[in-house]
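I have placed the structure first, in the form of structure tokens, so that the comments after it can refer back to it.
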Amino acid sequence: MKYTNPVVKGFYPDPSVCTANGKYYMVCSSFQYFPGVPLFESEDLVNWTQIGHVLTRKSQIMLEGIASSGGVFAPTIRCDNGRFYMVTTNDTTHENFYVYTDDIHGEWSDPVFVDQGGIDPSLYFENGHTYFISNGSDADGVSGVSQCEIDIATGKKLTKSRMIWQGFGGRFLESPHMYRINGMYYLMAAEGGTEYGHMVTCARASSVWGPFESNPNNPVLTNRNKAPYIIQGIGHGDLIQDVYGNWHILSLGFRQQHLWMAYHNLGREVFLTPVSFLENGWFCAGKDGTTDTEYETRGDFIQQTKTEYTFANTDPSIDWCYLRHPEPANYEFLPDAYILHGCGITLDETASPTFIGLRQRDFTMEFRASVEIDCGEAGLTAYMCENEHYDIALRVGNDGYEAVLKLNIGGIKHVQAVLPLDAPRAQLVIRSDHFHYNFFVLTQDGEHRLGSGQAKYLTSEVSGGFTGVVMALYSVGENAARFTKFCCKYAEE
Ligand code: 6LW
């Protein structure tokens with residue numbers, strides 16, 4: 001069947017995939033958001049259903065006061081002997097750890113820490129041995145892909161960390177994953193950095209410790225030379241074989257806006273690219289080593305896209321996310337209303353404001369909710385990080401209730417428009433296209449346009465970091481704001 005990339009849209013970076021019980025499981029990085037590490041299930045590698053998160057308890061991950069794009073970096077998921085493992089880095093505390101579960105739909109263990117530095121850890125299991133691989137420095141201070149053997153029951157190192165590959169020459173060697181295919185060990189990695197020069201590269205060896213020989217045709221996959229082209233940043237991939245024996249790379253990539261001085265606001269998304277093994281044992285990917293929008297793949301499925309999100313078809317514990325560790329008492333989820341109790345923390349702080357968000361999945365969208373306040377301020381935000389976010393809210397002003405549009409960019413806090421209201425309730429609407437977020441208030445007198453903010457300021461290019469825009473409901477001040485009639489609707493692109 002035909003499928004279209006990205007297969008998962010919106011800020012779901014650094015995908016890693018494994019297969020078990022006839023299904024595929026994928027995890028993504030989550031940085032300052034909680035719960036951490038979104039977990040997806042699929043039967044065809046194209047349609048992915050989020051089934052939960054891996055890090056659901058405070059005891060599993062330290063997120064207090066962490067900077068945006070700190071916290072949970074790239075994870076790897078693997079299954080060995082029926083047990084699932086997810087290994088990742090808390091980049092803020094510089095700790096590598098894994099958690100495990102025997103029930104993919106259940107809770108995961110508390111963290112088991114491994115004393116090897118670097119980021120993007122991976123596990124490779126073979127005949128009762130577990131290898132822990134990350135990119136960083138080895139025991140002798142040599143940088144590259146480092147590997148040690150660990151005791152999977154305790155996380156204790158059984159060997160010292162040894163550098164096994166230094167890449168093929170690109171900067172930022174990251175995302176190492178080890179596979180054994182046809183008796184050879186393949187080490188796949190990313191080089192070039194997670195921006196426009198990103199690539200998937202590989203090396204192979206006849207022993208898990210090397211010596212690793214670089215693929216003479218590296219990079220295996222990159223869109224760095226495709227221009228003008230909307231899909232950029234392809235890299236950080238994981239190799240997976242489907243039930244028909246065909247191979248694929250699930251990688252991150254992003255959809256750039258504008259041809260010159262490009263930017264991207266939806267974050268890094270998930271792309272699927274076919275892989276072919278060559279007679280010489282190396283493999284190549286995509287169309288001439290690039291990822292395209294459309295491919296044919298084997299399987300009897302139809303690619304489904306959810307275009308409308310409401311309180312009725314979303315689950316607060318699966319689809320929605322919080323900033324850092326939320327205070328549960330601030331959130332009440334009723335079937336047709338969310339009551340958000342403000343806690344005095346604003347969206348400008350690296351703490352946990354009362355905030356509940358959905359990743360923005362496509363460019364053309366309408367995000368709306370009816371909001372009722374008693375005091376304080378509550379509304380909707382298009383949120384990139386504490387410095388860059390556009391907010392439309394109801395609040396109590398000097399002369400009574402008002403709607404306000406606030407544009408926050410690079411520390412500049414600008415009130416774009418204020419509309420006096422005669423009631424403490426109104427419907428707030430954000431409509432986005434490829435280049436703008438447009439803001440509206442609906443009252444008894446009709447629809448009022450409060451203004452707009454350019455999409456280019458809610459981007460990784462402006463904010464830095466690794467996340468994408470999250471559309472959220474928020475509340476500030478000692479209030480109980482009532483959100484009803486929530487709907488987020490995407491247009492066909
Ligand atoms: C991640 C690194 C990268 O750990 O970005 O895409 C970092 N590459 O591999 C943050 O996602």
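Counting starts at 1 for both ligands and their atoms, in listed order. Quick caveat: nothing in here was measured; it's all calculated off a predicted structure.
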Passing option when D391 is tested against L380, L407, N408 for side-chain contact (heavy atoms from CB on, under 4.5 Å): N408

Sub-4.0 Å heavy-atom environment of ligand 1, residues by chain: D14, F31, F73, A74, I119, D120, E174, T194, H198, H236, L252, R268, F466

Does a salt bridge link D110 with R57, judged by any charged N lying under 4.0 Å from a carboxylate O? yes

Mind telling me whether Y85 and Y98 have parallel, tilted or perpendicular rings, with 30° and 60° as the class edges? perpendicular

Any luck finding a side-chain donor-acceptor pair between E327 and S352 under 3.5 Å? no

Strictly under 6.0 Å, is that where the ring centroids of F40 and Y12 end up? yes

Answer yes if the ring centres of F283 and F277 are under 6.0 angstrom apart, and no otherwise. yes

